[in-house]
*Asks:* 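Okay, here's the structure, questions in a sec.
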Amino acid sequence: MPPKNRQSERRPTRPVTITAVVDPVAALASENLDDNLYLYDTNRAAGSTGFGTPALHSRVRKGDTLLWNVIPLECETYVALTDIEIDPRIAEPTRKVYPGTDIAFWTAEVKQDLTEPVPYRLSFLLGTVSTPFTPTARPALAGPAAEGKEGR
Amino acid sequence: MAQQHGIIVLFDVENALRTRSLDGNTYWFDNMKFLGSAGVGTENLVTIVPGTYFLDGSQATEQVLNWLPAALGSIPPTVPRNYLAEQERADDRRTLEELAALSGESGVSTTDLKRLQRRIGKHARKPGGGRGLTEAKLLDVTGKTTSSAGAYNYPAPVITDITGPAVTEKIIYPAQYGSPDMIYDGWYWAATVDTSRPGVYPYTVHVQLHELVERNDELIWESVDLACESSLKIISDPKRNGFTGAGLGVLPLPPVPAAG
């Protein structure tokens, strides 16, 4: 159903939020982020898959606003999303902060509808280690038709 | 006292409100996977409670658990909870300043007025006489004013009770406590665990979610009460030193700092 047009003004809606839950202490102790990174998004009803893994496939459409943020499992250990590498023809994520804080989130607009999943790479800074941690498994953006109708 | 364990519950609020159920809409975490917690990051978390005995077999201290709820797709809990109130106030101040600056000689343009009207945003109230959130301006998931019911930031779920076999069998003694920690709004649920009876004990967490509804031209926070389940696994392994893996003793630190 198309959204109602009120005074010819587009009504703002929530972005598709992709949340990275990170266990920084376990990742630092094991030097393995893959086992300690849990990705989720708010688009499960649209068919996103891979919840709770580092290989989340988020179902998105052209024009969707995406927002990446982080929830650390240990609030006393520093965790930040430092980079998102993705084909710039698909999306160009930019870093922003919640106004008045130094807590960052990343946001981007999906530039085109996707016919097959587009993997991307997330990098995190953990604790006081200056080299970013990047999981081996890749999350991806996927179009509505990319993976059939499975995975609900 | 043993270290306190945090159990974080991430709620897919949007799906939960749509289906009026928490089935499949919660993700549970504790940071005790290395000690044997199972199902971390899923809705089937079994929280391990180890270290209940000393190596000589005598009873060690009780374990303390804390429950921390968060809403998926909202401003994350690392942003202080008073952030929304601060943003609301800062935004109102800016609007007032700009309104004062508008009264120039050339009159006031309707475009400027409309822009400021949008900035004023909308306030959502709590239902008359009901429990729920206090009146507040609607902000979106980045903390900006919004008047759209499709864009507001979901308030964090509120735990209202913890019940179930773990409580009736007197394994945990849950209660809500006040705290000066602003991250969780000064309130949190915690429990001490009777660690003398190993076993798996399920429990139910009752939560209140908040849905924004329009009634009589007003936006109102309607509370929606739901429940979800998890369990604790109490084992009789002896307490051990996290650094050495052996029994409790001195930490493996050299008596003298290394030279250089």
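So that the names make sense, note that chain A is the first sequence line, chain B the second, and so on, each numbered from 1.
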*Asks:* Using heavy-atom distances under 4.5 Å, tell me whether A:I71 contacts chain B through its side chain, its backbone, both, or neither.
*Replies:* side chain
*Asks:* With chain B as the partner, which of A:V97, A:D41, A:V21, A:V25 has the greatest number of non-hydrogen pairs under 4.5 Å?
*Replies:* A:V21
*Asks:* Which bit of B:N25 comes within less than 4.5 Å of chain A, counting heavy atoms only: side chain, backbone, both or neither?
*Replies:*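 Backbone plus side chain of B:N25, per the 4.5 Å heavy-atom cut-off to chain A.
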*Asks:* Go through the atoms of B:S74 and report whether side chain, backbone, both or neither lie under 4.5 Å from a heavy atom of chain A.
*Replies:* backbone
*Asks:* Taking NZ, NE, NH1 and NH2 as the nitrogens, is one of them in B:E14 or A:R14 under 4.0 Å from a carboxylate oxygen of the other?
*Replies:* yes
*Asks:* Between B:I172 and B:L232, is any pair of side-chain heavy atoms under 4.5 Å apart?
*Replies:* yes
*Asks:* What residue in B:G6, B:G24, B:P76 has the most heavy-atom pairs under 4.5 Å with chain A?
*Replies:*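 Looking at each option in turn, the highest pair count goes to B:P76.
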*Asks:* Side chain, backbone, both or neither: which part of B:D140 has an atom under 4.5 Å from a heavy atom of chain A?
*Replies:* neither
*Asks:* Which region of A:Y98, side chain (C-beta onward) or backbone (N, CA, C, O), has a non-hydrogen atom less than 4.5 Å from a non-hydrogen atom of chain B, or is it both or neither?
*Replies:* both
*Asks:* Is it the backbone or the side chain of B:V40 that comes under 4.5 Å from a heavy atom of chain A, or both, or neither?
*Replies:*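 Backbone plus side chain of B:V40, per the 4.5 Å heavy-atom cut-off to chain A.
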*Asks:* Should the pair B:W67 and B:Y203 be assigned to parallel (<30°), tilted (30 to 60°) or perpendicular (>60°) ring geometry?
*Replies:*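 Ring orientation of B:W67 relative to B:Y203: perpendicular.
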*Asks:* Pick one of side chain, backbone, both or neither for A:L67, based on which atoms fall under 4.5 Å of a heavy atom in chain B.
*Replies:*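 Contact with chain B: side chain only.
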*Asks:* Between B:W221 and B:Y152, what is the ring plane arrangement, given parallel below 30°, perpendicular above 60°, and tilted in between?
*Replies:* perpendicular
*Asks:* Under the criterion side chain to side chain contact (heavy atoms under 4.5 Å, CB included), which of A:R138, A:R59, A:H57 is the partner of A:P117?
*Replies:*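 The option that passes is A:H57.
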*Asks:* Say whether A:N43 and A:S58, considering side chains only, have a donor N or O and an acceptor N or O under 3.5 Å apart.
*Replies:* no
*Asks:* Look at A:K62 together with A:E109 and state whether they make a salt bridge at an N to O cut-off of under 4.0 Å.
*Replies:*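 Salt bridge absent between A:K62 and A:E109.
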*Asks:* For A:V16, is it the side chain, the backbone, both or neither that has a heavy atom under 4.5 Å from a heavy atom of chain B?
*Replies:* neither
